[in-house]
Chemist: 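My questions will all concern the structure given below.
All values below come from the heavy atoms of this structure, side chains included, with hydrogens, waters and symmetry mates left out.
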Amino acid sequence: MFKNKVFENIFSLGISQIANVAFPLVTMPYVSRIIGPEGYGILNYSTAFIGYFTLFILYSFDLSGTKIISRNIQDKEFVSKAFSEVIYSRCILYVISSILFMISLFFGEVLHKDYVVSIILFLGLLSSVFSPQFIYQSFQDLKIFSKINVVRGFINMILIFLFVRTREDYFYIPLFATVFNVTINIGLLIYAKRKYSLQLTRQPLNKLFTLIFNDRFIFISNVLGAFRATTNTIILGFFVTTKEIGYFTTSINFLFVVVNVLFIPISTAIYPFISNAFSKSSEVGNDIVKKIVPIITYFYFIICLCLLIFSPFLIKLIFGEKFNESIKILEIVSFAPLTMGLCNLLGVQVLLNYNFDKLYFRINLFCNIAGLLLNYYLSKKFGYYGAAWNIIFIDIMIIILCFCFLKKMKINIINWKYFSPKLIMLNLASIIKAKRLS
């Protein structure tokens with residue numbers, strides 16, 4: 001039976017992201033009422049703190065590992081070597097994280113207050129060590145994730161309703177997540193070894209540290225992106241009331257739901273597809289990018305237009321009349337999916353596939369510093385409206401800089417004739433015809 005890899009992966013990851021969003025939304029009202037603000041606060045703080053270790057352990061391997069494996073997909077020995085290097089490098093990063101975590105646990109008041117929850121969450125980081133997403137992504141075979149995420153989310157939801165009965169039961173929430181995530185990722189790793197005939201071989205320490213060092217620019221760029229997503233709210237908090245922060249975060253969190261469901265599946269699915277095209281030649285990769293640019297642009301533009309038009313209805317439906325102030329904020333950031341999509345296309349899909357890792361890092365660093373200064377000014381002068389506009393301005397800045405540097409290096413990724421509806425449909429059809437026999 002023939003199946004299209006790219007669209008199958010986009011659909012599968014979309015289902016996976018919907019499951020990741022939907023099941024917590026079902027349990028959230030129940031859990032918040034049972035464990036109360038204090039229990040919820042401990043969970044959220046510990047989860048947020050452990051999130052930094054997750055970012056550190058995953059490093060940049062879901063991008064760099066995917067790129068290098070997808071470009072050498074037929075060389076089993078090379079793929080096994082790259083697979084082993086990523087897994088053992090993550091083991092090193094986990095050991096380093098363990099030392100830092102023990103120090104944090106000893107000196108951090110909130111973490112130490114309920115160290116059991118903190119330790120459970122940290123043990124859950126083993127799922128990041130053994131995460132095989134880069135392997136499945138390299139082979140463009142991500143449909144298994146949607147099936148497992150739906151089943152995992154459903155079982156986890158049922159267990160929460162069964163076991164979380166009193167405030168003292170809140171430790172079950174991270175416990176279930178840890179057990180599921182670690183077990184599933186180890187299982188997926190073993191399955192990937194068998195399915196793709198991979199060998200996990202020991203690698204010299206110096207080679208692993210070299211790999212970690214060489215990937216530092218992509219990793220720091222990822223950290224800067226995550227940092228930028230949180231600093232808007234923090235800086236805004238210096239100038240507005242907690243109620244106004246509530247209006248702002250309501251719109252931004254809703255935006256992130258849209259981004260998680262639509263943006264992440266597309267960017268994750270097309271990355272190995274584009275990397276594989278670049279492995280043949282820069283010309284082939286660039287031609288694929290030229291065909292994808294109009295498709296991405298029109299798709300996200302339609303999504304953004306819908307967000308803009310239906311903002312009042314969506315905010316009132318989901319959050320109620322009390323959050324009417326959030327409507328204008330959501331209208332301002334409604335075109336963020338388009339700007340984020342273009343940032344990802346120019347940065348991750350193009351610059352990284354041309355091996356301009358250092359340039360990608362410098363653009364992100366410059367724009368993050370500029371974003372901090374601009375956010376301070378806009379938040380102080382215009383409140384939450386200024387913070388919302390800052391999100392759009394920084395994305396536009398990244399897009400302009402990427403375009404300028406690509407033009408300077410005489411790399412053209414836009415062919416205006418591909419923007420005609422007729423050619424968009426033809427190019428879409430040509431991608432759909434890129435099938436595999438499974």
Chemist: Pick out which of N355, I363, D357 makes a side chain to side chain contact (heavy atoms under 4.5 Å, CB included) with L359.
Modeler: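 Running side chain to side chain contact (heavy atoms under 4.5 Å, CB included) over N355, I363, D357 with L359 returns exactly one hit, I363.
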Chemist: Does the S379 side chain pair with the main chain of G386, one donor and one acceptor, at a distance under 3.5 Å?
Modeler: no
Chemist: If the condition is side chain to side chain donor-acceptor pair (under 3.5 Å), which residues does Q349 pass it with, not counting sequence neighbours?
Modeler: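 Residues passing side chain to side chain donor-acceptor pair (under 3.5 Å) with Q349: N344.
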Chemist: Given the rule in the side chain to side chain contact (heavy atoms under 4.5 Å, CB included) test, do I69 and F134 qualify, once you have shown the distances and angles that lead to the verdict?
Modeler: CA-CA 9 Å; I69 291 173; F134 70 101; 3.9 Å; yes
Chemist: Tell me whether the guanidinium CZ or amine NZ of R216 lies under 6.0 angstrom from the six-membered ring centre of F219 and within 45° of its axis.
Modeler: no
Chemist: Would you say the side-chain atoms of S334 pair up with the backbone N or O of E331, donor to acceptor, closer than 3.5 Å?
Modeler: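 At least one qualifying donor-acceptor pair exists.
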Chemist: Could you label the plane-to-plane angle of the Y354 and F356 rings as parallel, tilted or perpendicular, counting under 30° as parallel and over 60° as perpendicular?
Modeler: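 Parallel.
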Chemist: Only pairs at least two apart or in different chains count here, so list each salt bridge (charged side-chain N to carboxylate O under 4.0 Å, His left out) that has a residue in residues 187-196.
Modeler: D141-K195
Chemist: Fit a plane to each ring of Y136 and Y196, take the angle between them on a 0 to 90° scale, and name the class: parallel (under 30°), tilted (30 to 60°) or perpendicular (over 60°).
Modeler: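 It falls in the perpendicular class, over 60°.
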Chemist: Indicate the atoms forming the closest heavy-atom contact of I212 with Y59, along with that distance.
Modeler: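 Nearest heavy atoms, I212 then Y59: O-OH, 2.7 Å.
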Chemist: Measuring from K316:NZ to S311:OG, what's the distance to the nearest 0.5 Å?
Modeler: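 Rounded to the nearest 0.5 Å, the NZ-OG separation comes out at 11.5 Å.
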Chemist: So that I know where these two stand, are Y94 and Y88 an aromatic pair - ring centroids less than 6.0 Å apart?
Modeler: no
Chemist: Measuring from atom CE of M425 to atom OG of S420, what distance do you get when rounded to the nearest 0.5 angstrom?
Modeler: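 Between M425 CE and S420 OG, I get 11.5 Å after rounding to 0.5 Å.
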